[in-house]
Undergrad: 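Here it is, the structure in full.
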2 protein chains.
Amino acid sequence: MARPLAPRGHGRERVVDAALELFAQHGVSGTSLQMIADHLGVTKAAVYYQFKAKEDIVLAVLEPAFRTMRDFIAEAEAAPSPAESSERAMAGLVDLIIEQRQVVAALFRDPEVQRIVDGHEDFESLVQRLGTLLAGPQPDTRRRVATSVLGAGLAHAGMQPELADIDDAVLREELLHLGRLLWTADPHSSAV
Amino acid sequence: MARPLAPRGHGRERVVDAALELFAQHGVSGTSLQMIADHLGVTKAAVYYQFKAKEDIVLAVLEPAFRTMRDFIAEAEAAPSPAESSERAMAGLVDLIIEQRQVVAALFRDPEVQRIVDGHEDFESLVQRLGTLLAGPQPDTRRRVATSVLGAGLAHAGMQPELADIDDAVLREELLHLGRLLWTADPHSSAV
DNA sequence: GTCTATAGATAGATAGAC
DNA sequence: GTCTATCTATCTATAGAC
């Protein structure tokens with residue numbers, strides 16, 4: 001039952017929680033270690049006992065989201081057809097957004113996070129594989145634009161304070177609805 | 001022909017251009033005055049001659065986008081029906097995104113910009129009026145989610161380096177198409 | 001109008017006492 | 001495991017020479 005490896009006492013989790021909240025509010029560059037320490041009522045040195053650098057805190061905040069991504073991406077890639085791969089990837093992404101609103105929305109749009117992720121092969125390849133799954137093989141312009149709009153839009157909706165009153169299950173269905181609408185749109189429908 | 005007021009020598013414009021580029025890359029908090037000065041090949045003091053504070057540079061970068069917003073918002077508000085108001089607001093927003101890709105996408109999602117805009121009554125009220133126009137009067141959940149997804153998604157698509165190869169006119173039509181698709185969606189269509 | 005020089009504050013990070 | 005104290009570097013911003 002007990003966790004044999006990586007004991008990760010309560011200290012690390014508390015730092016990660018505080019960091020996520022502050023990152024979401026001020027961005028990574030706008031959040032100092034002093035702010036994190038103050039939020040926890042400890043000193044900077046206490047934070048540095050848990051993480052040897054600020055970048056490591058960012059990575060720790062991202063880790064659960066990427067862990068989830070890795071799982072549903074593998075499943076989606078194993079699907080029998082591109083259309084089904086895309087559908088599963090979208091559903092996985094929506095679930096991730098609902099379950100971990102703050103991480104996805106607050107951090108995936110932060111330039112500093114972009115830089116840190118780009119330096120980590122594991123994380124970066126996941127982002128690329130997800131993009132391929134969502135856009136499908138050899139996407140046309142319409143599909144490329146729709147994928148871009150939807151990817152950013154879904155992540156954003158997950159964190160909007162204005163939508164916080166919406167029940168998780170309802171929001172999930174609405175996001176799925178929008179995903180299917182954009183990805184299966186008739187190319188000849190209402191375009192001017 | 002000549003500009004009678006607000007001479008705004010070449011100096012200010014050069015600073016604004018450099019700042020916009022760096023803000024888009026690193027975010028506002030991640031961009032120092034030193035970086036802006038280095039980018040221009042001058043010293044920090046030279047930048048401070050043009051702007052007395054960093055916040056003023058951010059405001060100067062935002063100004064043209066808000067000027068455009070103010071115009072099309074006024075037009076949209078004067079439309080005869082809510083549906084037409086929404087359509088005009090969306091078209092105005094898409095045009096703005098196409099014409100000023102970097103400003104809209106890079107800055108509207110930056111927490112530091114959010115803070116600065118919130119402190120400026122003129123800018124903040126424009127953002128609120130635009131939101132009302134797009135969502136329409138008394139929007140239901142579906143409409144609220146769609147508006148949120150679309151607002152963030154469109155802005156994001158304008159700056160994506162991956163979409164930079166798409167012609168402005170084509171991108172504009174695609175974004176309008178997506179906007180109409182999401183806002184006029186049949187409530188009973190494909191939702192699960 | 002651009003510079004040097006520098007102030008005052010704060011950044012990320014480290015050493016070592018307890 | 002948390003602290004004080006401190007380091008170095010950098011930040012925004014100012015003063016004043018040229």
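Computed from heavy atoms alone, side chains included, the values below leave out hydrogens, waters and symmetry copies. Below, read A as the first sequence line, B as the second, and so on, with proteins coming before strands; counting in each chain starts at 1.
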Undergrad: At under 4.0 Å, does any side-chain N or O of B:T43 touch on OP1 or OP2 of C:dT2?
TA: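 For C:dT2, OP1/OP2 do not have a side-chain N/O of B:T43 under 4.0 Å.
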Undergrad: NA contact type, B:S29, heavy-atom cut-off 4.0 Å: base, sugar-phosphate, or nothing?
TA: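 Contact class for B:S29: none.
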Undergrad: Starting at CD of A:Q34 and ending at P of D:dA9, how long is that distance when rounded to a whole Å?
TA: 20 Å
Undergrad: What integer distance in Å separates A:E112:CD from C:dA11:C1'?
TA: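 In whole Å, C:dA11 C1' lies 13 Å from A:E112 CD.
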Undergrad: Whole Å only: how far is the CG atom of A:D56 from the P atom of C:dG12?
TA: 14 Å
Undergrad: Write down the distance between CG (A:L40) and P (D:dC3), rounded to a whole number of angstrom.
TA: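 Going from CG in A:L40 over to P in D:dC3 covers 10 Å.
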Undergrad: Flag the pair B:E77 / B:R88 as yes when at least one side-chain heavy-atom distance between them is below 4.5 Å, and no otherwise.
TA: no
Undergrad: Does a donor on one side chain sit under 3.5 Å from an acceptor on the other, for B:H156 and B:Q160?
TA: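 A pair is found: one side chain offers a donor N or O, the other an acceptor, under 3.5 Å apart.
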Undergrad: Mind checking whether B:L175 and B:I98 have side chains closer than 4.5 Å, heavy atoms only?
TA: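 Yes - at least one pair of side-chain heavy atoms lies under 4.5 Å apart.
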Undergrad: Could you state the atom-to-atom distance from NE2 of B:H26 to P of D:dC11 in whole Å?
TA: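 Rounding to the nearest Å, NE2 of B:H26 and P of D:dC11 are 12 Å apart.
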Undergrad: Please tabulate, one pair per line, all N/O donor-acceptor pairs under 3.5 Å involving side-chain atoms of residues 54-62 of chain A, not counting sequence neighbours.
TA:
{"unit_1": "A:K54", "atom_1": "NZ", "unit_2": "A:V28", "atom_2": "O", "d": "2.9"}
{"unit_1": "A:K54", "atom_1": "NZ", "unit_2": "A:T31", "atom_2": "O", "d": "2.7"}

Undergrad: Do B:R144 and A:I166 have side-chain heavy atoms sitting under 4.5 Å apart?
TA: yes
Undergrad: For B:M35 and C:dA11, give me the distance from atom CE to atom P, rounded to whole Å.
TA: 18 Å
Undergrad: Working to the nearest 0.5 angstrom, can you tell me the gap between A:F66 CZ and A:E124 CD?
TA: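 Between A:F66 CZ and A:E124 CD, I get 9.5 Å after rounding to 0.5 Å.
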Undergrad: Please list, pair by pair, any protein nitrogen or oxygen found under 3.5 Å from a nitrogen or oxygen in nucleotides 13-15 of chain C.
TA:
{"unit_1": "C:dA13", "atom_1": "OP2", "unit_2": "A:Y48", "atom_2": "OH", "d": "2.8"}
{"unit_1": "C:dA13", "atom_1": "OP2", "unit_2": "A:K54", "atom_2": "N", "d": "2.9"}
{"unit_1": "C:dA13", "atom_1": "O5'", "unit_2": "A:Y48", "atom_2": "OH", "d": "3.2"}
{"unit_1": "C:dA13", "atom_1": "N6", "unit_2": "A:K44", "atom_2": "NZ", "d": "3.3"}

Undergrad: Please classify the nucleic acid contact of A:S32 as base, sugar-phosphate, or nothing, using heavy-atom distances under 4.0 Å.
TA: sugar-phosphate
Undergrad: To the nearest Å, how far apart are B:F51 CZ and C:dT2 C1'?
TA: 16 Å
